[in-house]
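Please read all numbers here as calculations on a predicted model, not as lab measurements. The first residue of the sequence shown is numbered 1, and numbering continues consecutively from there.
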Amino acid sequence: MTDPAPESVTVQRDIPFQEADGETLTLDLYDSPATSGPKPVAVLVRGGAFTFGDKGEFARHALDLAADGFLVVEPQYRLAPEWTFPAALVDVKAAIEWARSEGEGYGAADRIVGVGHSAGANLVVLAALTADEPGFEPELYPGASSRLSAAVGYAGVYDFRSLDAVTAEGEQFHRQYLGGGPDDEPAAYDLASPVAQVDTDAPPTLLLHGSEDETVPPSQSELLADALGPMTDVAHELVPADHGFPFHGAHYDDVYERTVEFLRQAVAGPDTADAPDPAEETGVPGGDLPDPTDRIDGPGPGGNRGPDRRDGPGF
């Protein structure tokens, strides 16, 4: 189904992209027919403590990014406790590889970036740091790369050992995702933590975190920024807000402007794995994306701008 949206953005919902043990996962695709292609792709991954939620949380970001020249994908992923690590990571990589394999038919370029919030930030950054590693790759798109040109993490979980040490027992949702505590599943705690997977292939990364975040400590982003600093271009900034800042009306405009400017520079610049002509990749003369002037300020698809998410249980 294709829904009309403000500013000529269209939304195609529930496109199948991943088959896993009899379960079919789907994604939503946002596009602006008014923008010429091929277009860079933005994969948006929501939070939910790895245990709850569904695609749609990033609807407002998706509408704005589509209006600003991106082809936007928001996928589902499998949830704990039924599915433990690395199931959700494999699903995010499947969405990236779907965009690379099937996206040309929708006007996609090869430049793909990822944006995630909370648990979704973990998945986006970890996907960027483990690109094309066989143990984490889906089976559905053989030969397709899960490489990202840039990653953006909002209030992310990046070091599970340190998170476990400061989290109250009743709030340790990550243990459902990792299969137990750090003494029970030491390999999962390391492999699922971006701070332990940093290497010189890391793409440019933007880390934003609420200074008043009581759900995921701001130190999580600081740890990752310190680890990434010697390896790649990393920007780490605090926002004077709580865990849900990317979705708060008071902070949305500022966060969005920082994000789209960072992504615009990333898709216009050279890629460490492949450096084609930027004009070919973005479909815009000179490789520049449109300025974020035609913002989506009205309701989104079906009259819903997307949730103004506040702090809830977990991350």
If we only count heavy atoms from C-beta on, is the V152 to V113 side-chain gap below 4.5 Å? no
Close side-chain approach of L178 to D164, heavy-atom, < 4.5 Å: no
Is R100 salt-bridged to E97, going by a charged N under 4.0 Å from an acidic O? no
Test side chain to side chain donor-acceptor pair (under 3.5 Å) applied to T232 - qualifying residues, sequence neighbours left out: none
Taking the side chain as every heavy atom from C-beta outward, state whether F58 and V72 have any pair of such atoms under 4.5 Å apart. no
hydrophobic_cluster_shared for L207 and F262, side chain cutoff 4.5 Å: no
Spacing of CG belonging to L29 relative to CD belonging to E102, to within rounding of 0.5 Å: 12.0 Å
To check you understand the geometry: which heavy-atom pair defines the closest contact between R258 and L238, and what is its length? NH1-O, 4.4 Å
Minimum heavy-atom separation for T24 and Q76, please, with both atom names. O-OE1, 4.2 Å
In this structure, is the centre-to-centre distance between the rings of H243 and H117 below 6.0 Å? yes
Does T259 reach the side chain of Y154, with side-chain heavy atoms less than 4.5 Å apart? yes
Full working for side-chain contact (heavy atoms from CB on, under 4.5 Å) between R13 and V11: CA-CA 6 Å; R13 300 195 182 281; V11 187; 3.8 Å; yes
Main-chain N/O of H236 paired to E222 side chain as donor or acceptor, under 3.5 Å: no
Smallest separation among heavy atoms of A144 and S101, with atom names: CB-OG, 3.4 Å
Any chance you could measure T51, atom OG1, to L79, atom CG, to the nearest 0.5 Å? 7.0 Å
Interatomic distance, CG@L224 vs OG@S219, rounded to 0.5 Å, equals 11.5 Å
How far does CZ of F173 sit from OG1 of T215, to the nearest 0.5 angstrom? 10.0 Å
Rounded to the nearest 0.5 angstrom, the CD-CG distance for E82 and D21 is 9.5 Å
Worked verdict on D91 versus W83 for side-chain contact (heavy atoms from CB on, under 4.5 Å): CA-CA 11 Å; D91 296 340; W83 302 99; over 6 Å; no
Steps toward side-chain contact (heavy atoms from CB on, under 4.5 Å) verdict (D14, K55): CA-CA 10 Å; D14 300 326; K55 59 184 172 59; 2.7 Å; yes
Using modelled atom types and a 3.5 Å cut-off, is there a donor and acceptor pairing between side-chain atoms of Q220 and backbone atoms of D159? yes
Less than 4.0 angstrom from a charged side-chain N to a carboxylate O is my criterion; do D110 and R147 meet it? yes
Backbone of G56 reached by a side-chain donor or acceptor of E74 within 3.5 Å: yes
Heavy-atom side-chain contact between L223 and S162 under 4.5 Å: yes
Between T205 and P203, is there a donor-acceptor pair closer than 3.5 Å when you use the side chain of the first and the backbone of the second? yes
With a 3.5 Å distance limit and no angle check, can you tell me whether N122 reaches the backbone of A192 through a side-chain donor-acceptor pair? yes
Please step through side-chain contact (heavy atoms from CB on, under 4.5 Å) for the pair D199 and M231, ending with a clear verdict. CA-CA 6 Å; D199 62 22; M231 304 296 181; 5.6 Å; no
Any side-chain heavy-atom pair from V124 and V43 closer than 4.5 angstrom? no
Y177 vs F160 aromatic rings, parallel, tilted or perpendicular, using cut-offs 30° and 60°? tilted
Would you say CD of E104 has more than 12 non-hydrogen atoms from neighbouring residues, nucleotides or ligands within 6.0 angstrom? no
Linking Ile, Leu, Val, Met, Phe, Trp and Tyr through side-chain heavy atoms less than 4.5 Å apart, which residues share a cluster with V166? none
If you measure only the distance, is there a donor-acceptor pair under 3.5 Å linking the side chains of K39 and S32? no
Can a side-chain donor-acceptor contact be found between H248 and D242 if the only test is distance below 3.5 angstrom? yes
Output the distance between atom CG (L27) and atom OH (Y77), rounded to the nearest 0.5 Å. 14.5 Å
Donor-acceptor check, side chain of D254 to backbone of H251, threshold 3.5 angstrom: yes or no? no
Say whether, by atom type as modelled, one donor and one acceptor occur between the side chain of E137 and the main chain of D132 under 3.5 angstrom. yes
Considering all heavy atoms of both residues, which atom of A99 and which atom of V41 are nearest to each other, and what is their separation? CB-CG1, 4.0 Å
Do you know the tightest heavy-atom contact between L148 and A128? CD1-CB, 4.0 Å
Give me the one residue out of Q176, E169, R175 that meets side-chain hydrogen bond (donor to acceptor under 3.5 Å, both in side chains) with Q172. R175
Using a 4.5 Å cut-off on heavy atoms from C-beta on, say whether the side chain of L65 contacts that of Y256. yes
For residues 122-144, pull every pair meeting ring pair (Phe, Tyr, Trp, His ring centres under 6.0 Å), keeping only residues two or more places apart or in separate chains. F85-F136
Could you check whether T10 and D31, counting side-chain N and O atoms only, form a donor-acceptor pair closer than 3.5 Å? no
Answer yes or no: is there an ion pair linking R78 with E23, defined by an N-O contact shorter than 4.0 Å? no
Nearest heavy-atom neighbours spanning G156 and S221: N-OG, 4.4 Å
Quick one: does L44's side chain get under 4.5 Å of Y30's, heavy atoms only? no
Cationic N near anionic O, under 4.0 Å, R161 to D190: yes
Just by modelled atom types, is the T130 backbone N or O under 3.5 Å from a matching donor or acceptor in the K93 side chain? yes
